[in-house]
Visitor: 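This is the structure I want to talk about, given as structure tokens.
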Amino acid sequence: MKCLMSRHTVRETLGTVFQRMSVEAGVIKCKAAVLWEQKQPFSIEEIEVAPPKTKEVRIKILATGICRSDDHVIKGTMVSKFPVIVGHEATGIVESIGEGVTTVQPGDKVIPLFLPQCRECNACRNPDGNLCIRSDITGRGVLADGTTRFTCKGKPVYHFMNTSTFTEYTVVDESSVAKIDDAAPPEKVCLIGCGFSTGYGAAVKTGKVKPGSTCVVFGLGGVGLSVIMGCKSAGASRIIGIDLNKDKFEKAMAVGATECISPKDSTKPISEVLSEMTGNNVGYTFEVIGHLETMIDALASCHMNYGTSVVVGAPPSAKMLTYDPMLLFTGRTWKGCVFGGLKSRDDVPKLVTEFLAKKFDLDQLITHVLPFKKISEGFELLNSGQSIRTVLTF
């Protein structure tokens, strides 16, 4: 006679195990990809992960995506302390919780959040704000109490953007974790932790794309494709994708672009090309590359009076932008956004629910799934342009 256990029963069993572990929580030894210094390869090391302190959560990582921001740390274009464990786009299971944690419990499936939501600061309390005061955008590399939970070979190892997911276990502040539906496939919904939400939210939340409008997306990587998906969801009637690499056009069309062009195909400025193509009716442009020149191009390409241009790609640090103020004087709106303007703890669970209801397809964005030990291969795929999103599984 076969013994069948429902998903609910299995979850209860896991929860009981993790609750017992929470009470007995001690140091965990596990594997992690450590960056010892800038412009050096990852080193798979055994690290020690300390138990969670008050208002902290320790998470067993199930799957994590490779994002361009992680590569920025390696190349030195994003500020970080070293040694560090990067990675910030993941799904996991709560292993143990510190004193005072009320929003998650051991056994819960969760997404760590690089953009916290404390629900107390001005940005969190404002309906249009999301850049929580607890965000680590300056590379502090520590949790709220000013210390790290990672050690390796007797040395402290720093956190990255409140998350650090290139490790079998991590510790985050309670404000940096969202409980999600237990049915969500970890190797897919991890993208909601960064790339997908950043692009999708830029269109529906920050840009507030209106039905019937014309949108232009500069940069057709994973986040750019997510912007296209957001524009389509918002009801845009025309979505033009722009990239130097024409190999990306087929995928862009598959997720909702109505046409794609390369700036290399014309000697005219791209803003002129787009004006001629659309009858001077581009309502929204999105820069999803992070280059100063294309930020200006995107601004110039939306309608001079009622157009909105959104900066989505992370700009290079320590660089200044010069532009003609007449571009704004005529009426254009120029906006930026972090995490698509979404409130992380509120909106991430909703997006997971929408994914399970088949409102959007994350499979289109995932080109490679590799075991965690092949992390270096994943970054080679990123840097060679062969991947949109590579997901590492544990």
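Numbers here simply count residues along the sequence, with the first being 1.
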Visitor: Taking only residues two or more places apart in sequence, or in another chain, which ones meet F196 in a ring-ring contact (aromatic ring centres under 6.0 Å, His included)?
Guide: Y200, F360
Visitor: Report yes or no: does D108 contribute a side-chain atom to a donor-acceptor pair with the main-chain N or O of V94 at less than 3.5 Å?
Guide: no
Visitor: How about F42 and W36: are their ring centres within less than 6.0 Å of each other?
Guide: no
Visitor: Say whether S387 and H368, considering side chains only, have a donor N or O and an acceptor N or O under 3.5 Å apart.
Guide: no
Visitor: Do V348 and L115 belong together in a cluster built from hydrophobic side chains that touch within less than 4.5 Å?
Guide: yes
Visitor: Where the side chain of S262 meets the backbone of K264, is there a donor-acceptor pair that is under 3.5 Å apart?
Guide: yes
Visitor: So, do I366 and L191 sit near enough that their side-chain heavy atoms are less than 4.5 Å apart?
Guide: yes
Visitor: How far apart are the C-alpha atoms of I192 and I111, what are their side-chain angles, what is the distance that settles it, and do they pass the side chain to side chain contact (heavy atoms under 4.5 Å, CB included) test?
Guide: CA-CA 8 Å; I192 293 175; I111 288 179; 4.3 Å; yes
Visitor: May I ask you to check whether N130 and Q117 show a side-chain donor-acceptor distance below 3.5 Å?
Guide: no
Visitor: Is L342 reachable from I133 through a run of hydrophobic residues whose side-chain heavy atoms are each under 4.5 Å from the next?
Guide: no
Visitor: Can you tell me how far CG of L220 sits from SG of C260, rounded to the nearest 0.5 angstrom?
Guide: 5.5 Å
Visitor: Around atom NZ of K343, are there more than 12 heavy atoms of other residues, nucleotides or ligands at under 6.0 Å?
Guide: yes
Visitor: Once rounded to the nearest 0.5 Å, what's the spacing between atom SG of C124 and atom CG of N126?
Guide: 10.0 Å
Visitor: Return yes if some donor-acceptor pair links the side-chain N/O of T64 with the main-chain N/O of L392 below 3.5 Å, else return no.
Guide: no
Visitor: Decide whether S175 and D173 meet the rule of one side-chain donor and one side-chain acceptor closer than 3.5 Å.
Guide: no
Visitor: Does a side-chain heavy-atom distance below 4.5 Å link V171 with V49?
Guide: yes
Visitor: When you group the ILVMFWY residues by side-chain heavy-atom contacts below 4.5 Å and let the links chain together, are F286 and I270 in the same group?
Guide: no
Visitor: Begin from the C-alpha positions of K55 and E99 and carry the test salt bridge (charged side-chain N to carboxylate O under 4.0 Å, His left out) through to its verdict.
Guide: CA-CA 6 Å; K55 290 285 187 178; E99 185 179 346; over 6 Å; no
Visitor: Would you say NZ of K208 has more than 12 non-hydrogen atoms from neighbouring residues, nucleotides or ligands within 6.0 angstrom?
Guide: yes
Visitor: Going by distance alone, is a donor N or O of one side chain under 3.5 Å from an acceptor N or O of the other, for N281 and Y306?
Guide: yes
Visitor: With the 4.5 Å side-chain cut-off for hydrophobic clustering, are F218 and V227 part of the same group?
Guide: no
Visitor: Short question: side chain of T148, backbone of V157 - any donor-acceptor pair under 3.5 Å?
Guide: yes
Visitor: Does any N or O in the side chain of S275 come within less than 3.5 Å of the main-chain N or O of S271, such that one atom is a donor and the other an acceptor?
Guide: no
Visitor: Do the side chain of T367 and the main chain of I388 share a donor and acceptor less than 3.5 angstrom apart?
Guide: yes
Visitor: Under 3.5 Å, is there a donor on one side chain and an acceptor on the other for T393 and E187?
Guide: no
Visitor: Give a yes or no on this: more than 12 heavy atoms of other residues, nucleotides or ligands lie within 6.0 Å of atom CG of L356.
Guide: yes
Visitor: Is the number of heavy atoms from other residues, nucleotides or ligands under 6.0 Å of M253 CE greater than 12?
Guide: yes
Visitor: Going through the checks in order, is the salt bridge (charged side-chain N to carboxylate O under 4.0 Å, His left out) test met by E276 and K268?
Guide: CA-CA 11 Å; E276 292 173 5; K268 296 179 181 179; 2.9 Å; yes
Visitor: Using modelled atom types only, decide if a donor and an acceptor are shared between the side chain of R332 and the backbone of L327 within a distance under 3.5 Å.
Guide: yes
Visitor: Evaluate the criterion salt bridge (charged side-chain N to carboxylate O under 4.0 Å, His left out) for residue pair E95 and K60; output intermediate values, then yes/no.
Guide: CA-CA 6 Å; E95 177 270 336; K60 177 179 173 59; over 6 Å; no
Visitor: Treating S301 as the side-chain partner and D297 as the backbone partner, does any N or O pair qualify as donor plus acceptor under 3.5 Å?
Guide: yes
Visitor: I need the full list of salt bridge (Lys or Arg N to Asp or Glu O under 4.0 Å) pairs touching residues 70-92, with sequence neighbours left out, sorted by first then second residue.
Guide: R68-D71, D71-K75, E89-R389
Visitor: Does a side-chain heavy-atom distance below 4.5 Å link V86 with S164?
Guide: no
Visitor: Should E46 and K153 count as an ion pair when the cut-off is N to O under 4.0 Å?
Guide: no
Visitor: Considering residues, nucleotides and ligands other than I137, do more than 12 of their heavy atoms fall under 6.0 Å from its CD1?
Guide: no
Visitor: Would you list the pairs meeting ring-ring contact (aromatic ring centres under 6.0 Å, His included) in which at least one residue belongs to residues 80-125, sequence neighbours left out?
Guide: H88-F114, H88-F160, F114-F339
Visitor: Please tell me if the side chains of R238 and M277 come closer than 4.5 Å, counting only heavy atoms from C-beta onward.
Guide: yes
Visitor: Could you walk me through whether D181 and K109 pass the side chain to side chain contact (heavy atoms under 4.5 Å, CB included) check?
Guide: CA-CA 7 Å; D181 193 309; K109 187 173 284 185; over 6 Å; no
Visitor: Do T151 and R149 pair up side chain to side chain, a donor and an acceptor below 3.5 Å, judged on atom types alone?
Guide: no
Visitor: Does the distance from a Lys or Arg side-chain N to an Asp or Glu carboxylate O, for D265 and K246, drop under 4.0 Å?
Guide: yes
Visitor: Is it the case that the side chain of T91 and the backbone of C190 share a donor-acceptor pair, with hydrogens and angles ignored and the cut-off at 3.5 Å?
Guide: yes
Visitor: Shared ILVMFWY cluster between L143 and V177, side chains joined below 4.5 angstrom?
Guide: yes
Visitor: Using a 4.5 Å cut-off on heavy atoms from C-beta on, say whether the side chain of D363 contacts that of K188.
Guide: yes
Visitor: Dump the intermediate steps for salt bridge (charged side-chain N to carboxylate O under 4.0 Å, His left out) on K31 and E168, then the final yes or no.
Guide: CA-CA 6 Å; K31 296 293 184 183; E168 292 175 318; over 6 Å; no
Visitor: Considering residues, nucleotides and ligands other than N122, do more than 12 of their heavy atoms fall under 6.0 Å from its CG?
Guide: no
Visitor: Are any of the side-chain heavy atoms of I261 and L274 separated by less than 4.5 Å?
Guide: yes
Visitor: Side-chain contact test, heavy atoms from C-beta onward, threshold under 4.5 Å: evaluate it for S226 versus L365 and give yes or no.
Guide: yes
Visitor: Return yes if some donor-acceptor pair links the side-chain N/O of T163 with the main-chain N/O of G87 below 3.5 Å, else return no.
Guide: yes
